[in-house]
Amino acid sequence: RVKAKSPFFLHVPSGVIAYRPITGQISPETFRSRFCTLFETAHDGLLVSAEIQSVQERLKLLEALTRFSFIQRISVALHPSNPRNSQRWKRTDERIKALRAVRYREEFEAKPGGPGLLIPPDDEVVDKIVMADDGYGQASATGRIDGHVKTITTSTNPVAAQVPVDDDPTRILRGLQPTLDDILRRTQE
């Protein structure tokens with residue numbers, strides 16, 4: 001028996017999926033997990049491994065970096081883009097692909113008792129954080145903000161769009177279009 005349905009839209013060329021969680025029945029995690037299972041099952045598991053990661057509101061972690069009075073640690077975990085990449089992180093993405101890697105991890109930790117990490121705004125680390133923001137991994141920073149130790153991650157700010165609740169998918173898609181256009185534009189910058 002079907003208890004709930006979660007409508008979704010798939011932009012095939014980019015692989016971007018927009019979906020509506022159903023409160024109390026289909027959480028974002030459940031949707032992503034079940035969608036991947038169904039996709040892999042439909043392909044009989046042959047050379048197919050599906051994974052859905054949320055596209056994050058851009059630059060929240062980067063904004064937080066400027067508020068840290070002391071940065072203790074920065075961690076970045078990425079996977080190659082599919083199908084295209086942004087100019088901002090193209091070099092990193094192409095390096096991951098050239099190595100034929102499915103995952104890339106990097107972590108910086110400040111010297112205990114030292115002045116903390118210094119991350120210039122034009123640094124390669126910043127580009128990797130933007131790549132994570134764009135849905136190709138996760139990044140986090142731990143440090144002091146206003147005297148308190150905090151950890152800020154890219155995984156806590158998924159992009160959301162307000163669209164009409166409607167049975168007509170055309171009207172829903174029209175409401176989603178500006179958000180989808182913004183996400184697609186991000187991968188072409």
Residues forming a salt bridge (Lys or Arg N to Asp or Glu O under 4.0 Å) with Arg103, sequence neighbours excluded: Glu51
Which heavy atom in [X] sits nearest to a heavy atom in [Y], and how many Å separate them?
X      : Y      : value
Ile145 : Ala64  : CD1-O, 4.4 Å
Gln138 : Thr154 : CA-OG1, 3.4 Å
Gly175 : Val163 : C-CG1, 3.5 Å
Pro21  : Ser27  : CB-C, 4.4 Å

Once rounded to the nearest 0.5 Å, what's the spacing between atom [atom1] of [X] and atom [atom2] of [Y]?
X      : Y      : atom1 : atom2 : answer
Ile129 : Asp134 : CD1   : CG    : 12.5 Å
Arg95  : Glu124 : CZ    : CD    : 9.5 Å
Met131 : Trp89  : CE    : CH2   : 5.0 Å

Cluster check Phe68, Phe70: I/L/V/M/F/W/Y, side chain < 4.5 angstrom: no
Side chains of [X] and [Y]: is there a donor and an acceptor less than 3.5 Å apart?
X      : Y     : value
Arg105 : Ser75 : no
Ser81  : Lys90 : no
Ser33  : Thr30 : no

Candidate pair Thr142 and Thr151, rule side chain to side chain donor-acceptor pair (under 3.5 Å), full reasoning: CA-CA 4 Å; Thr142 301; Thr151 299; 2.9 Å; yes
Pairwise side-chain contact, Ile74 with Ile71, heavy-atom cut-off 4.5 Å (strictly under): yes
Contact check, side chains of Asp122 and Val126, non-hydrogen atoms, under 4.5 Å: no
Other cluster members, Val149 - Ile/Leu/Val/Met/Phe/Trp/Tyr, side-chain contacts below 4.5 Å: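 None, because no other hydrophobic side chain comes under 4.5 Å of this residue.
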Hydrophobic cluster (4.5 angstrom, side-chain heavy atoms) - remaining members for Ile26: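 Joined to Ile26, directly or through intermediates: Phe8, Leu10, Val12, Ile17, Tyr19, Ile22, Phe31, Phe35, Ile52.
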